[in-house]
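Everything numeric in this text was worked out from a predicted model, so none of it was measured. Each ligand, and each atom within it, is numbered from 1 in the order the structure gives.
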Amino acid sequence: MKKPWFADAVVYQIYPMSFQDSNHDGIGDLNGIKQRLDYVDQLGANFIWLNPIYKSPNADNGYDISDYCAIQPAYGTLADFDSLLAAANRLNIGIMMDLVVNHTSEQHPWFLASKKNRNNPYADYYIWRDPVDGHAPNDWLGVFQGSAWTYVPERDQYYLHSFASAQPDLNWQNPAVRAEVRSIMKFWLDRGVRGFRMDAIDFPAKPKWSNEGQTFTNVGDAMPDLKRLNRYLQEINQQVLANYDRILTVGEMSTADPATAAEFSNLDGSELNMVFEFEHVDLAANKDKRIGKWSSDSVSVKDLKRVLSKWQVGLDGKGWNSLYWNNHDQPRAVSRFATDDPKWRVKAAKMLGTTLHLLQGTPYVYEGEEIGMTNAHLKTLQQYEDLDSLNAYHELVDEKHLVSGPQMLEYLAARSRDNARTPMQWNSESNAGFTDAQPWYALNPNYDQINVAESLSDPTSVFHYYQQLIQLRHANEVVKYGNYLELDPDDGECFAYVRQLESRRLLVISNFTENQIERDYGQNQGTRLIGNYDDDLGVSIRPYECKVYELNN
Ligand code: NOJ
């Protein structure tokens with residue numbers, strides 16, 4: 001198989017607002033990240049993906065950018081950024097920026113100019129359409145609820161926003177817009193960044209406008225025009241990335257399936273290195289389409305196996321997987337895919353880590369996952385901050401009466417992005433060592449138990465286990481390049497698979513339940529490389545136990 005240069009990458013994701021405050025304002029910042037670089041290095045990650053740090057009115061916590069070449073003042077300055085980058089480079093950690101270019105902020109100067117009239121240099125930077133019978137041009141709904149169109153009287157037109165109305169979509173069919181994107185990328189690459197996570201990168205390729213007038217429940221259902229997306233990505237590749245060495249690229253693509261993802265992440269490197277697929281995190285979506293992703297159902301192990309296996313097999317030898325359980329848009333892994341019951345939390349977090357890190361692809365570790373941070377278990381609407389969660393509550397409960405208030409609170413507790421956004425838990429002191437001021441968002445009260453200081457001091461912690469998983473990937477060619485074979489797809493309790501490279505084989509066994517189960521995959525003939533129990537009972541697999549073997553035949 002082709003051996004991509006990035007097969008060794010492990011990415012640590014930092015949500016800057018919630019990572020580490022250094023200047024006593026309750027908000028995380030760049031100097032705070034710099035102070036914690038040794039921690040990331042100690043974990044063994046060699047890339048950091050920073051969620052957006054650009055100037056932004058923060059309607060969507062930085063995903064609404066008003067200046068792509070300036071740092072959000074609460075996070076610091078460009079000089080602070082350069083200093084962070086230099087410190088990261090010294091540790092051989094590459095910094096990846098979040099490239100949010102499907103849309104800008106409504107406060108971006110391009111949009112302020114564009115909305116003034118139909119004849120100005122920025123008039124075609126966004127997607128404007130005339131009203132149809134006095135209404136929006138079609139029935140598209142934005143991802144964050146409500147119509148995807150907002151009317152602007154100055155132009156007597158509507159603009160398209162796939163997300164919130166504060167996030168107008170750029171018009172990528174305009175070559176000037178694509179040139180702007182390229183120059184933003186060059187600006188950061190010339191400073192020394194080593195990668196981009198491309199936000200909602202399937203959205204710029206809008207469907208052909210012949211679809212206009214059709215009804216879609218969600219603007220995402222109508223996207224993308226894949227051929228157009230291929231062209232856009234190739235253009236970026238040829239005109240920007242080709243001029244730099246080893247720039248890691250991952251495209252967030254909620255609409256991708258394995259076949260299209262294989263094209264976008266083809267191993268020739270002509271488009272992206274990898275994509276973020278959504279299938280495994282969308283599994284428990286509500287059956288009632290009108291309610292969308294909101295649900296409190298847990299994901300069945302069989303479904304999870306089916307989807308992860310489909311992607312492993314679908315991309316093998318053709319493209320590259322990115323591997324993640326959670327990020328700033330998803331609830332905490334251990335609460336969602338296993339259990340955060342204190343009795344099992346540590347075992348369960350290690351089991352999930354093993355299941356994921358032994359797959360083919362690039363693992364992403366979201367801040368706090370490596371110490372087994374949990375959902376916040378919020379109870380009241382007032383405790384939420386995220387616009388997606390608040391909009392959904394108002395629309396589904398107050399306006400459409402599709403869900404009762406208590407039911408929606410259950411959905412939010414299970415699914416809200418705020419679960420991932422509570423500040424990082426560094427120690428058991430006041431505000432968990434995140435800040436010595438009033439934190440911008442309440443901490444998860446369990447920080448007195450679950451925190452980095454405790455994890456570092458305990459050799460059996462989730463942190464030290466993740467460290468070993470990452471070392472294993474760096475050192476073991478089968479983990480990096482081996483192909484994938486699922487065992488017993490119908491087993492709803494145990495997830496077992498084999499990775500194989502030439503004659504070398506690894507066997508991975510994970511028990512997703514609280515029960516002891518018996519399974520014989522030939523592990524008794526293997527040598528155990530890593531596991532989350534001290535000893536090994538062979539064919540008996542204890543609650544949330546995981547173990548990895550090198551098979552000897
Ligand atoms: C995906 C990002 O991950 C999410 O946080 C954001 O709200 C949307 N894209 C819009 O940019």
**Study point:** Full working for side chain to side chain donor-acceptor pair (under 3.5 Å) between Asp190 and Tyr244
**Key:** CA-CA 9 Å; Asp190 290 341; Tyr244 301 83; 2.7 Å; yes
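- Aromatic ring pairs are classed by plane angle as parallel below 30°, tilted from 30° to 60° and perpendicular above 60°; the pair His328 and Tyr63 is parallel.
- Rounded to the nearest 0.5 Å, atoms OH (Tyr441) and CD (Glu385) are 6.5 Å apart.
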Practice item. Might you work through the side chain to side chain donor-acceptor pair (under 3.5 Å) test for Tyr125 and Glu180, ending with a clear yes or no? Key: CA-CA 10 Å; Tyr125 265 45; Glu180 298 276 13; 2.6 Å; yes
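- For atom 3 (O) of ligand 1, the closest non-hydrogen atom on the protein side is Asp329 OD2, 2.4 Å.
- In terms of protein heavy-atom proximity, atom 1 (C) of ligand 1 is closest to Asp199 OD1, 2.9 Å.
- Atom 8 (C) of ligand 1 has its closest protein heavy atom at Phe163 CE2, 3.8 Å.
- A donor atom on one side chain and an acceptor atom on the other are not found under 3.5 Å apart for Asn419 and Ser335.
- Ligand 1 lies within reach of Arg197, whose nearest heavy atom is under 4.0 Å from it.
- Closest approach of Leu409 and Leu381 over heavy atoms only: CD2-N, 3.7 Å.
- Within ligand 1, counting atoms from 1 as listed, the ones closer than 4.0 Å to a heavy atom of His103 are 10 (C), 11 (O).
- Atoms of ligand 1 lying under 4.0 Å from at least one heavy atom of Phe144, given by number and element, are 7 (O).
- Counting the atoms of ligand 1 from 1 in the order shown, those under 4.0 Å from a heavy atom of Arg417 are 4 (C), 5 (O), 6 (C), 7 (O).
- Less than 4.0 angstrom separates some heavy atom of Glu252 from each of these atoms of ligand 1: 1 (C), 3 (O), 9 (N).
- In this structure, the protein non-hydrogen atom closest to atom 6 (C) of ligand 1 is Asp60 OD2, 3.4 Å.
- A cation-pi arrangement, defined by a distance under 6.0 Å to the six-membered ring centre and an angle within 45 degrees of its axis, is absent between Arg129 and Trp149.
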